[in-house]
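Reading through the structure tokens given below for one structure.
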Amino acid sequence: MAFDKLNSSDFKYIGTRPDRPDGVDKVTGRANYGADAYAAGMLHGAMVRSPHAHARIIRIDGSRALALAGVKAVVTRADFAEDVEGEYWNVLDNVMAGERALYHGHAVAAVAATSSLIAREAVALVDVEYEVLPHVTDVDEAMQPDAPVIREGQVSTSVPAGLSPNVVGYYEHGHGDLDAGFAEADLIIERHFTVEAAHQGYIEPHACLAQLGPDGRGELWCCTQGQWFDQKFCAALLGIETSALKVTASEIGGGFGGKTTQFIEPVALALSRKTNRPVKVVMNRSEVFKASGPTSSSSMDVKIGMTNDGRISAAQGTYRLQGGAFPGAWAMLTAQCAFAPYQINHVKTTGYDVMCNRPKVAAYRAPGSPIAAFSTESVIDELCNRLRLDPMEVRLKNAAREGTRSSYGPIYPKIGLVDCLEAAKAHPHWTSPLKEGHGRGISCGFWFNFGMETSVNLMLSEDGSIQITVGTPDIGGSRASIALMAAEELGIPYENIRVNIADTASLGFNEMSHGSRVTFACGLATVEAARDATDKLCARAAAKWGISEEAVKWRDGCAIPAGSNAGEFDPLPIEEIAGRMGRTGGPISGHHSVTPDGAGPSFAVHIVDSEVDPETGKTEITRYTVVQDAGRAIHPSYVEGQYQGGAAQGIGWALNEEYIYDEQGRLQNDGFLDYRIPVASDLPMIDTVIVETPNPGHPYGVRGVGETSICPPLAAIANSVSNAAGVRLTHLPMSPPRILKAMKERLG
Amino acid sequence: MSRIHVTARVNGDKVEFLCDPRETLLDVLRDNLGLTGTKEGCGTGDCGACSVTVDGRLICSCLMLGAEAEGKEIGTVEGIANGEELHPLQVKFIEHAALQCGICTPGILVAAKNLLEHNPAPSETEVRYWLAGNLCRCTGYDKIIRAVLDTAAEIRAAN
Ligand code: FES
Ligand code: FES
């Protein structure tokens, strides 16, 4: 029987909630994060950053800094490799400006000194002469033909002619005949939306400790979502062989996509090479906001036609995303996600990647999808209101299901959107009466989920316990889910399994901890590595019993005869085989390397109640429910945690979080005081419902859960606020001044 | 700049250190005393990752100078467990999955322990406001609040 046919009750370990293996380390302060590494003789690095949004660098003079006692080196772009291209060049030019500083906070030089205090003093002594250039930070303005040009020659071939050279990517998706589809509609609504940029907001700033010797060999310790990518990019930017650099991932204090690229790591290596000493670099919070990856800000137009009975007859969307001063905004993903939850016969989306004078965007949890859902689901909600239709029933009526051609192309395999909508409809939250002045809103959300390159090793110890080596940093409890899947497969206690995170020298290549892929891909490889090991364990039992290998199978931690014909033998437990493995053929281990392509799309439905204070415009979230398809919840507590965390980040983005630039293109709110993420007193408990519609592409049905949870909140909250306050905001975040303004305008 | 000699107690142990007058208590704990359990999330008093107690009072160690620690009793996350016995909050945080990445956890544990010492029976709202200075980006706070409330109930039941 395929595992996706199994019920949760068929499992012994999967679906249980044991303590995470790294729990004690993390509640005692023992776990070592990026900034927790020290080395003998270590220097401290600090960055010199541009005070301008756009400026030509005329001259950099480090002599005053170098004259300060304790300062050991100043590096600039000249200390990095010259012959890098493509995305390597983009990352290089982002971590250390070349001819021009392209945004406020762009690194232009760096210093290393014997203490961090001296390093900070030295930064102020590096003399940089700039010629200030015209800048642009707004996505719509950056698309205008007369906008300041960030860089010529970046435009991809698909971009239609006649646009500013800042428009570097163009994407189209969809099917059907829009004119025919809109002709079928009884009501068509078209709206313009804007969403400001948000930051991932991980609490741990970027931090690393680097060592690179004159022999071109080095080591790097850093907080990262993907150590192999740091290895590859840092090596290229420093002009050394990839294998000459060993990268160790520290414990990671949050990433959400923001630790999938390099910022300070190549610079720390350059400083180390120049001084031949270990160099530690830790960003401060202001630098994190100014120079590490925020999301795109966006400008969107969405038009949807609906029939009187609630069928979406046609849908069209245009999405413009700025990616900072480099190509790589995720307009393609926005265009793909926008109508993914629905079965629509006539649908077309177009996306534009735009450059402007802002930091290079990095992925943020389901990049592009939350803003897509905001625009789509706001218009659907307005259509439901105008046509007096139940918003849940309309979504059920149009919901994509197995066999639906998605708006971005593929035909869906088994998916769980209808199951989520049914569960949301049945949830007491949906039917509970609303208090006077409160509003309720819902939204669907979608994310692809990813597989990608994965390697896992599994080693048997002589006492029968297991060590598993994976290459994906544990960002939110994945050691526990990996150990649970191995326990299930091997039939041994969860506690007998230790999961280690490998450095780049200790395991084959692994893609990063992103794309909601770890429990899916790393879990799949773990199950296969365990099967590889149990095949070998069975072979040892077969040899001992003198029967064929096919006549032995693995059950509950023991080799047993496969059937009555195999003969009568007592079960041979793993510890007995392990104790003798040296004498029966050598050490036993399992391995699996794979690039799995069966990641299952996942969907969520959120229900939100809110109340808006008419005096201040402040929105209070009074009740929140997340319903999401996990495929299979391996450790339900951490699945719930992902649902709650995504919802909370969405609440922050919907209500408060935004990058604010002044007229000179300088970031005005580079700290947690002015860039306000939700605190405990801002939020209610967040109720969760785990729907399990198993993914046929994973042995236990796992889909991946990390990202989908941030897709519905922006829209669900906008819909809730429009019902609570009678104003529909099309510009996020719905900060108190914006809501107040809208409420005043409504009252005339 | 000449360094200042400071004598204090950290988690009950006497410590002596020399510090630059510009160094914060957080810098001293981490860089001079090797107590890296206390984290720096912002350095400006906005995130609570650096929470410690000074003479029983909850503070952000990034906002106090190391030199000001003279004669003070400082409590950090490393002092929460009693030898090999975890504090009930630590046990409950693991049991409730009240941490994902765990970077906020040391500060939140220090703050929550301080709360329960002041108020053994806090309401949900009181816990939320007490912890409002401790940012967590991963959990949405739900499981953190539950873990604190559950610990309080357990400690009350045991007494
Ligand atoms: S580091 Fe002290 S409050 Fe953030
Ligand atoms: S668990 Fe990651 S910040 Fe709280």
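Note on naming: letters A, B, ... go to the chains in the order of the sequence lines (proteins, then strands), and numbering restarts at 1 for each one.
- Proximity to chain A is absent for every atom of B:N134, based on heavy atoms less than 4.5 angstrom apart.
- A:D36 and B:K39 are joined by a salt bridge, as a carboxylate oxygen and a charged side-chain nitrogen come within less than 4.0 angstrom of each other.
- Contact check on B:K143 versus A:E640 returns a salt bridge, with a Lys/Arg side-chain nitrogen under 4.0 Å from an Asp/Glu carboxylate oxygen.
- Listed for the A:R285 side chain is no donor-acceptor partner under 3.5 Å among the backbone atoms of B:T44.
- Atoms CD1 and CG, from A:I686 and B:D142 in turn, are 6.5 Å apart once rounded to the nearest 0.5 Å.
- Scanning all heavy atoms of the two residues, the minimum distance from A:Q644 to B:T139 falls at CB-O, 3.5 Å.
- When heavy atoms are compared at a cutoff of 4.5 Å, B:I80 does not approach chain A at all.
- When all heavy atoms of A:A648 and B:G140 are compared, the closest pair comes out as CB-CA, 3.5 Å.
- Summarising the geometry of A:V27 relative to B:Q90, their closest heavy-atom pair is O-NE2, 2.8 Å, with the distance given to 0.1 Å.
- The pair A:E657-B:R137 counts as a salt bridge, with a side-chain nitrogen and a carboxylate oxygen less than 4.0 angstrom apart.
- Side-chain contact check for B:Q100 versus A:I475: every heavy-atom pair is 4.5 Å or farther apart.
- When heavy atoms are compared at a cutoff of 4.5 Å, B:Y129 approaches chain A by way of both its backbone and its side chain.
- When all heavy atoms of B:G41 and A:F672 are compared, the pair lying nearest together is O-CE1, 4.2 Å.
- Of the inter-residue distances, the one linking B:E126 atom CD with A:S681 atom OG reads 13.0 Å to the nearest 0.5 angstrom.
- For B:E40, the part lying under 4.5 angstrom from a heavy atom of chain A is the backbone only.
- For B:L135, the parts lying near chain A are the backbone and the side chain together; criterion is any non-hydrogen pair under 4.5 Å.
- Going from atom CG of B:D31 over to atom OG of A:S115 covers 10.0 Å, rounded to the nearest 0.5 Å.
- Looking at every heavy atom in both residues, A:R20 comes nearest to B:I94 through N-CG2, 4.2 Å.
- Panel note: side chain A:Y202, backbone B:C138; no donor-acceptor pair is recorded below 3.5 Å.
- The minimum heavy-atom distance linking B:T36 with A:Y38 is given by the pair CG2-CE1, 3.7 Å.
- Neither the backbone nor the side chain of A:Y643 comes within less than 4.5 Å of any heavy atom in chain B.
- The main-chain N or O of B:E78 is never found under 3.5 Å from a side-chain atom of A:R30 such that the two would form a donor-acceptor pair.
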